[in-house]
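These numbers come from a predicted model, not from an experiment. The sequence lines fix the lettering, A, B, ..., with proteins before strands; numbering per chain opens at 1.
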There are 2 protein chains.
Amino acid sequence: MRVSTRFSDAIHLLAFLKIYDQQHLTSDLIASSIETSPVVVRRLMGKLRQAGLIKTVPGSAQPTLAKPLDQISLLAIFYAVEGDKPLFSVDPKTNPDCIVGGNIQTVLRQYYQDAQTAAEARLAKTSLQDIVDNLLVEQAKKEALS
Amino acid sequence: MRVSTRFSDAIHLLAFLKIYDQQHLTSDLIASSIETSPVVVRRLMGKLRQAGLIKTVPGSAQPTLAKPLDQISLLAIFYAVEGDKPLFSVDPKTNPDCIVGGNIQTVLRQYYQDAQTAAEARLAKTSLQDIVDNLLVEQAKKEALS
DNA sequence: ACTTCCTGTAACTGTATTAATTACTGTGAT
DNA sequence: ATCACAGTAATTAATACAGTTACAGGAAGT
């Protein structure tokens with residue numbers, strides 16, 4: 001397994017909402033920053049809205065963040081777009097008549113959960129505020145060099 | 001992102017080598033425990049051999065672990081079969097003329113690396129010895145109930 | 001009110017990844 | 001010498017994503 005770019009794109013989208021906070025923010029404009037299609041953006045916004053991270057009004061081009069930046073963690077975004085799917089997947093069916101095949105799922109699940117929890121704890125420590133701060137720092141570095 | 005069942009299957013395979021340590025261990029027999037095809041097993045064994053975790057001799061049905069159980073960590077197995085691929089992937093190309101699009105990869109890579117490292121640290125703490133021990137405990141539980 | 005722009009979704013397509021299958025070469029064991 | 005098996009390439013099949021098209025309905029400007 002492997003996490004799709006949905007997670008990255010969702011973070012991108014939310015940061016974009018903050019940094020380009022203006023009246024007219026269409027899915028087309030956001031899509032041009034992510035370099036994807038507006039439909040993908042709208043689908044992402046659907047998930048983020050369901051998770052209570054943004055507010056949108058159909059027809060109006062005015063999506064807004066539903067919470068302060070520092071109260072949106074990367075983990076919340078991860079759950080919003082990747083949901084329940086575990087990072088590590090166990091083989092759903094193995095030979096039950098074998099000491100290994102009959103018990104491996106039970107055993108692995110526990111260790112996999114530990115590993116995933118460790119990663120999630122790290123994601124929980126970072127907020128959108130950190131991301132936006134870093135984006136602006138990186139941008140300033142570039143401008144200083146040009 | 002998401003880790004394929006290769007990782008689980010590789011752990012399964014190695015545990016099987018230990019628990020059914022006998023003269024005649026064909027890829028067919030191992031495959032019947034994982035419930036996959038013998039070719040998949042041989043491919044997995046190829047990667048595990050390259051990583052120095054097992055020893056095999058073509059033609060002989062006698063794969064063996066190359067190290068003591070407690071010196072094979074889940075992380076070593078993970079690297080052997082999943083290698084370089086990161087858990088979280090960043091969108092390879094976003095709009096460079098945008099504050100977000102032009103800097104998001106740099107920023108995310110850092111936080112993604114932290115999260116992955118946290119997960120890997122957890123995998124490093126668990127050895128095949130732990131897995132085999134747990135498999136036998138689970139098996140004993142089952143037998144106690146029957 | 002009417003027109004235009006936009007969102008929210010469904011349906012379909014293209015593509016990449018993974019596992020399964022087939023087939024072959026070459027080594028080991030008897 | 002024969003049989004069993006490993007190693008590996010090539011093909012097929014299944015699945016998951018992202019991209020595209022299409023359209024119904026809401027919002028905004030005139």
Legend entry - Below 4.0 Å: OP1/OP2 of D/dA4 and any side-chain N or O of B/H24: no
Inset, instruction - Check whether any side-chain heavy atom of A/R49 sits under 4.5 Å from a side-chain heavy atom of A/L53, and report yes or no. - result: no
Nucleotide N/O to protein N/O under 3.5 Å, stretch nucleotides 26-30 of chain C:
none

Inset, instruction - Indicate whether the side chain of A/E138 and that of A/N134 have a donor and an acceptor atom separated by less than 3.5 Å. - result: no
Inset, instruction - Examine the side chains of B/S8 and A/Y112 and answer whether a donor and an acceptor come within less than 3.5 Å of each other. - result: yes
Legend entry - Any side-chain donor near an acceptor of the partner, B/N103 and A/Q139, under 3.5 Å: yes
Inset, instruction - Measure the distance from CD on A/Q23 to C1' on C/dC5 and round it to the nearest whole Å. - result: 16 Å
Inset, instruction - Examine C/dT7: is either OP1 or OP2 under 4.0 Å from a nitrogen or oxygen in the side chain of A/S27? Give yes or no. - result: yes
Legend entry - Below 4.0 Å: OP1/OP2 of C/dC5 and any side-chain N or O of A/T26: no
Inset, instruction - Under 4.0 Å between any heavy atoms, over every strand shown, what does B/L25 touch: base, sugar-phosphate, or nothing? Just pick one. - result: sugar-phosphate
Inset, instruction - Answer yes or no: is there a side-chain heavy-atom contact under 4.5 Å between B/I30 and B/S33? - result: no
Legend entry - Distance, rounded to the nearest Å, where A/H12 contributes NE2 and D/dA18 contributes P: 15 Å
Inset, instruction - In whole angstrom, give the distance that lies between atom CZ of A/R6 and atom P of C/dA16. - result: 18 Å
Legend entry - Whole-Å gap separating C1' (C/dA19) and CD (B/E82): 13 Å
Got a list of protein N/O to nucleotides 20-24 of chain C N/O distances below 3.5 Å?
unit_1 : atom_1 : unit_2 : atom_2 : d
C/dA20 : OP2    : B/T36  : OG1    : 2.3
C/dA20 : N7     : B/R43  : NH2    : 3.0

Inset, instruction - Give a yes/no answer on whether the side chain of A/K85 brings an N or O atom under 4.0 Å of OP1 or OP2 in D/dC17. - result: yes
Inset, instruction - Would you please say whether a donor-acceptor pair under 3.5 Å links the side chains of A/D114 and A/Q110? - result: no
Legend entry - d(CG, B/D28; C1', D/dA4) in whole Å: 11 Å
Legend entry - A/K142 atom NZ, neighbour heavy-atom count above 12 within 6.0 Å: yes
Legend entry - Heavy-atom neighbours of B/Q22 CD exceed 12 at 6.0 Å: yes
Inset, instruction - Could you check how far CG of B/D91 sits from P of D/dC17, rounded to whole Å? - result: 15 Å
Legend entry - Presence of A/S4 side-chain N/O under 4.0 Å of D/dA18 phosphate oxygens OP1/OP2: yes
Inset, instruction - Could you check how far CZ of B/R49 sits from P of D/dC5, rounded to whole Å? - result: 18 Å
Inset, instruction - Determine yes or no for a side-chain-to-main-chain donor-acceptor pair under 3.5 angstrom, with B/S60 supplying the side chain and B/V57 the backbone. - result: yes
Inset, instruction - Could you state the atom-to-atom distance from NZ of A/K47 to P of C/dT7 in whole Å? - result: 19 Å
